[in-house]
> 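Before I ask anything, here is the structure I am working with.
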There are 2 protein chains.
Amino acid sequence: MASNPVDKQPQSEPFAADLLRGHTDTIVLGVLRDAQRYGFEIYKTIRDATGGLYEIKEATLYATYRRLVKDGLVEASWGDETQGGRRKYYRITDAGRAVYRKNVQDWTATQNIINKLLNVKGGTP
Amino acid sequence: MASNPVDKQPQSEPFAADLLRGHTDTIVLGVLRDAQRYGFEIYKTIRDATGGLYEIKEATLYATYRRLVKDGLVEASWGDETQGGRRKYYRITDAGRAVYRKNVQDWTATQNIINKLLNVKGGTP
DNA sequence: ACCAGTACTTTATCAGATCAAGTACTTGAT
DNA sequence: ATCAAGTACTTGATCTGATAAAGTACTGGT
């Protein structure tokens, strides 16, 4: 009677972000490369950049911001929205740019490694 | 005086495997696609496939095997090395192949997403 | 006998992502 | 005026997966 529990296949459920684990810092640094942005703006930028296909959760991002600030890769300061609606702005530092460049390289290497490993075809031919 | 603490740059330290977090299962499934293998063999295959550049730690892999077996994606059985030197062999199941295919697709999508996000150039041009 | 390598295992720990909830303000609809 | 929804930020608890560190047990070379 088709009691098959494999039923929902929502075609494009928001991505398992765990696949990106370790890359969030780099993604945020990338978004900050050319302009300062406030936290929620970064969140929306990432969310919208993939048409909602992929989303990094707010909690994840705000934790990331804290980490990046602690490590000196970005600087933070409150905007002067005097009439309410506070926004905390983030700017990338020189150290942040250096780390960003390195991480992009590592990411390229990682892609190559995984692509290679996923093609491992068994013994020597 | 060059008291710069940025000194060591070992050219190619074994990779930060955390960059692959979430992909280990898929990599192992990939190695098992065409033949059954024992645990340590999988470990060496992965280690050697990248010339030692990248290594998934034994503890990580054995934990992965357990998880894959629990989820029915691989089957395990002891080899009949009667004179000692026990080896536990792993075989991919049909469910495992299905998951592998799906994961490879997800991985491709993930690459596209990250590559896109790392190129986010700011506002509309 | 000893050491290095093969082969498997367990326990504890850590970082990063997420859940769930909360605070506070603004704007649009009724 | 009030209410819901969106903007914007924050916190604490929890989960997963990777790792360190240690151990067991066997084999082959010196």
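Just so it is clear: chains get the letters A, B, ... in the order the sequence lines come, proteins before strands, and each one is counted from 1.
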> For A:Leu61 and C:dG16, give me the distance from atom CG to atom P, rounded to whole Å.
14 Å
> Does A:Glu75 come within less than 4.0 Å of A:Arg91, counting only side-chain N to carboxylate O?
yes
> Looking at side-chain heavy atoms only, is the closest gap between B:Arg67 and B:Thr64 below 4.5 Å?
yes
> Can you spot which of A:Ile114, A:Asn115, A:Thr110 makes a side-chain contact (heavy atoms from CB on, under 4.5 Å) with B:Gln111?
A:Asn115
> Which distance, rounded to the nearest 0.5 Å, do you find between the OG1 of B:Thr93 and the CG of B:Asp71?
10.0 Å
> Starting at CZ of A:Arg86 and ending at P of D:dA8, how long is that distance when rounded to a whole Å?
11 Å
> Select one nucleotide: of C:dA7, D:dA8, C:dA15, the one nearest the side-chain heavy atoms of A:Arg87.
D:dA8
> A:Thr24 side chain N/O closer than 4.0 Å to the phosphate oxygens (OP1, OP2) of C:dG16?
no
> Taking NZ from B:Lys57 and P from C:dA7, how many angstroms apart are they, rounded to a whole number?
19 Å
> Could you check which residues of residues 63-71 of chain A get a heavy atom under 4.0 Å from DNA chain C? Sort them by number, please.
A:Arg67
> Kindly assign one of parallel, tilted or perpendicular to the pair B:Tyr62 and B:Tyr65, based on the angle between their ring planes and the thresholds 30° and 60°.
perpendicular
> Distance-only, no hydrogens or angles: does the A:Tyr38 side chain make a donor-acceptor pair with backbone N or O of A:Arg86 under 3.5 Å?
no
> Quick one: which of D:dT19, D:dT10, C:dA7 gets closest to the side chain of B:Ala59?
D:dT19
> Find the distance A:Tyr90:OH to D:dT10:C1' and express it as a whole number of Å.
10 Å
> Grab the CD-C1' distance between B:Glu58 and C:dT11 for me, whole Å please.
16 Å
> Using whole Å, what does the distance between atom P of nucleotide C:dC8 and atom OH of B:Tyr62 come to?
4 Å
> Hunt down the Watson-Crick or G-U wobble partner of C:dT30, both distances under 3.5 Å, from any strand shown, or write none.
D:dA1
> Using a 4.0 Å heavy-atom cut-off across all strands, classify A:Tyr43 as base, sugar-phosphate, or nothing.
nothing
> Give the nucleotide from the list C:dA15, C:dC8, D:dT10 with an atom nearest to the side chain of B:Arg21.
C:dA15
> Ignoring backbone atoms, test whether B:Thr60 places a side-chain nitrogen or oxygen under 4.0 Å from the OP1 or OP2 oxygen of D:dG17.
no
> Where the side chain of A:Tyr90 meets the backbone of A:Leu32, is there a donor-acceptor pair that is under 3.5 Å apart?
no
> Give one of base, sugar-phosphate or nothing for A:Glu41, where a contact means two heavy atoms less than 4.0 Å apart.
nothing
> For A:Leu73, run the side-chain contact (heavy atoms from CB on, under 4.5 Å) check against A:Asp25, A:Val28, A:Val99 and tell me which one passes.
A:Val99
> In whole angstroms, how far is the P atom of D:dA8 from the CZ atom of A:Arg37?
13 Å
> Measure from the side chain of B:Lys44, starting at C-beta and using heavy atoms only, and say which of C:dA7, D:dA8, D:dT19 lies closest.
C:dA7
> Just compare C:dT18, D:dA18, D:dC9 and give me whichever is closest to any side-chain atom of A:Phe40.
D:dC9
> To the nearest angstrom, how far is A:Tyr38 atom OH from D:dT10 atom P?
14 Å
